[in-house]
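We're numbering straight along the sequence, starting at 1. This is a predicted model, so every value here is computed, not measured.
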Amino acid sequence: MSHFIVGLDIGSRTIKAVVGEVRRDNSLAMHGVLKMPSAGVRKGVVADIGETTQALSPVIGEIKKISKQAGANIYLGVGASDVRVQPSVGVVAVSRADYEIFEDDVNRAIQSAQAINLPNNRMILHAIVREYIVDGVKDIRDPLEMVGNRLEVNSLIIDAFAPAVKNLSKCVEVLGSDLGGLILGPLAAARAVLTKNQRELGVALVDIGFGKTSMAVYEEGKLLHTAIFPVGSGNVTNDLAIGLKISVEAAETVKLSYGSALAREVGGRDLLDLVKIDSRARGSVTKRFIAEVIEVRLAEILEFVQNELKYIGRAGKLPAGVVFVGGGAKIPGIVELGKQELKLAAQVGIPELSPLLIQHDIDLGAKLEDPEFALALGLLFSGYDKALEGKPTHLPVHGFFKKFLNYFAP
């Protein structure tokens, strides 16, 4: 029996959703791509439940028009900047007399790693297994049926401020929809754009949203670190609105259509007549000045990223470089600025569409090949991974995706 999945990204400026259907042959068919204005969200946190629910209502309505079943299986991105990451180790003795490791031993080790002390207002969002260790032998991916006396698991525990997560969930649930899962934003975005080779070599995904910027670092196929910062491309827009004395809407247009992240690449005599952008504005401004405003703020955001890479000892040491996604990744010159500030190779991440069957609308593929949709599509793929768990796989070669559920499963 087929069933529907929704990836839902509730951002500070827009709400994005993608609707897919897992068919009987385990293929994933795309049925809808939605983008509508958001409200009541500040830097990844719901500041006004009423406003957010009102903004979300038409999105949920469109989702239910596609399929009533879709509204009962929504994967929601979580992205507050107070998310914390800590390593944890779980150790158990193998329970059987012949010392063969079974699933219950693995489960006990995972549960042992999750036995950490958290304040009452914090909740575990993910417990991500990085490696198993059997009698001191490290870097084991799957210990089932191996023989040993002692089983250890190295995990990364990601916890979040519980009220913020519950407020976000409530906005969905009060509209008559149910959650299939909660996924940390940068992990979901990474699921959509990073290749297996990039994860193995070492890569940083940087998602520059309107209200916040998040990152996830992978090495040897494992999640190494994740962080979220309360500054995003909306700060660039606000800086332009102040500096040019124009509306925020006009500043957003200037940023994406006439801006650049590298001021030195822009001619100092090239002028922009602001009246063409905002009828209430007066005079002209050089595009070099626009670029200078953008570069200063983006460089500040990248400094946050660089500081995190220094903290984990990976500054300038990721062979696959940095991959930018989110609305901020569409600012011209972001790749060149990333190379300059982070001393790494850089590129804009385009979501991987090969597992999707896009039959109902020829524009769907074009809409999804947008770094702004990386998070929503990654949430859909996370739900797809869960749907395939325990099911036989009959996908054609071009549509087969190895499961990365261990990156997300609690």
Side-chain angles (χ1 to χ4, degrees), residues 79 83 85 128 130 156 184-209 212-229 231-233 236 256 259-265 291 294-354 368-375 377-378 381 401-402 404 407-408:
V83 166
V85 183
I128 301 170
R130 301 194 69 248
L156 278 184
L184 186 68
L187 305 191
R191 172 66 180 85
V193 302
L194 295 185
T195 66
K196 181 180 178 181
N197 188 50
Q198 286 173 322
R199 293 173 187 260
E200 286 289 343
L201 289 172
V203 64
L205 176 127
V206 177
D207 184 349
I208 306 177
K212 66 183 186 303
T213 297
S214 56
M215 65 182 289
V217 183
Y218 291 84
E219 190 175 66
E220 296 181 351
K222 308 167 190 173
L223 177 68
L224 189 63
H225 186 63
T226 186
I228 300 175
F229 320 113
V231 60
S233 66
V236 177
L256 296 177
S260 173
L262 276 183
R264 70 171 184 268
E265 301 294 329
I294 293 173
E295 182 176 347
V296 167
R297 181 62 79 171
L298 285 180
E300 178 191 0
I301 292 173
L302 294 178
E303 186 178 359
F304 281 107
V305 174
Q306 182 74 331
N307 287 340
E308 289 296 317
L309 292 177
K310 288 179 181 178
Y311 173 71
I312 62 173
R314 293 301 184 275
K317 297 179 180 179
L318 296 173
V322 59
V323 178
F324 292 108
V325 296
K330 296 192 287 187
I331 298 175
I334 185 67
V335 169
E336 289 73 19
L337 184 65
K339 292 176 181 178
Q340 173 183 297
E341 297 296 318
L342 301 177
K343 312 302 181 191
L344 291 169
Q347 66 184 79
V348 173
I350 303 300
E352 174 59 65
L353 301 183
S354 62
L368 288 172
E369 288 182 336
D370 181 335
E372 193 174 356
F373 274 93
L375 173 51
L377 191 58
F381 286 163
F401 253 65
K402 291 185 69 177
F404 291 106
Y407 289 139
F408 306 119

Inter-residue atom distance Thr195.OG1 - Tyr218.OH, 0.5 Å rounding: 12.0 Å

Heavy-atom closest pair (Pro186 atom, Thr226 atom, distance to 0.1 Å) is CG-OG1, 3.4 Å

Side chain to side chain contact (heavy atoms under 4.5 Å, CB included), paired with Leu194, selected from Arg191, Gln198, Lys196: Gln198

Validation row: Gln340, Leu302 side chains within 4.5 angstrom (heavy atoms): no

Donor-acceptor pair, Arg130 side chain versus Leu223 backbone, under 3.5 Å? yes

Please step through salt bridge (Lys or Arg N to Asp or Glu O under 4.0 Å) for the pair Lys339 and Glu336, ending with a clear verdict. CA-CA 5 Å; Lys339 292 176 181 178; Glu336 289 73 19; 5.5 Å; no

Should the heavy atoms of other residues, nucleotides or ligands under 6.0 Å from CD of Glu300 be counted, would the total exceed 12? yes

Taking all non-hydrogen atoms of both residues, which atom of Leu375 and which atom of Ala188 are closest, and how far apart? CD1-CB, 3.6 Å

Phe229 vs Phe304 aromatic rings, parallel, tilted or perpendicular, using cut-offs 30° and 60°? parallel

Taking the side chain as every heavy atom from C-beta outward, state whether Leu353 and Leu377 have any pair of such atoms under 4.5 Å apart. yes

Can you find a pair of side-chain heavy atoms, one from Leu298 and one from Ile334, that are under 4.5 Å apart? yes

Is any side-chain heavy atom of Leu309 closer than 4.5 Å to one of His225? no

Output the distance between atom CD1 (Ile301) and atom OG (Ser233), rounded to the nearest 0.5 Å. 7.0 Å

Measure across Pro371 and Gly349 and return the closest heavy-atom pair with its distance rounded to 0.1 Å. CB-O, 3.5 Å

Exercise: identify the closest heavy-atom pair between Ile294 and Gly259: CD1-CA, 3.6 Å

Looking at Leu344 and Gly321, what are the two nearest heavy atoms and their distance? CB-CA, 4.1 Å

Find out whether Val323 and Val206 are in side-chain contact, i.e. whether some heavy atom of one side chain is under 4.5 Å from a heavy atom of the other. no

What's the verdict on side chain to side chain contact (heavy atoms under 4.5 Å, CB included) for Val322 and Val203, showing C-alpha distance, side-chain angles and the deciding distance? CA-CA 6 Å; Val322 59; Val203 64; over 6 Å; no

Heavy-atom check, side chain of Leu318 versus side chain of Leu342, under 4.5 Å: no

Heavy-atom closest pair (Val193 atom, Ala374 atom, distance to 0.1 Å) is CG1-CB, 3.9 Å

Heavy atoms, side chains only, cut-off 4.5 Å: are Glu372 and Lys330 in contact? yes

Spacing of CG belonging to Asp207 relative to CZ belonging to Phe324, to within rounding of 0.5 Å: 11.0 Å

Using the side chain to side chain contact (heavy atoms under 4.5 Å, CB included) rule, pick out the option among Ile208, Ile228, Val305 that qualifies with Met215. Val305

Return the CZ to CD1 distance between Arg297 and Ile331, rounded to the nearest 0.5 Å. 11.5 Å

Report yes if some heavy atom in the side chain of Leu262 is under 4.5 Å from a heavy atom in the side chain of Glu295; otherwise report no. yes

Treating Arg199 as the side-chain partner and Ala190 as the backbone partner, does any N or O pair qualify as donor plus acceptor under 3.5 Å? yes

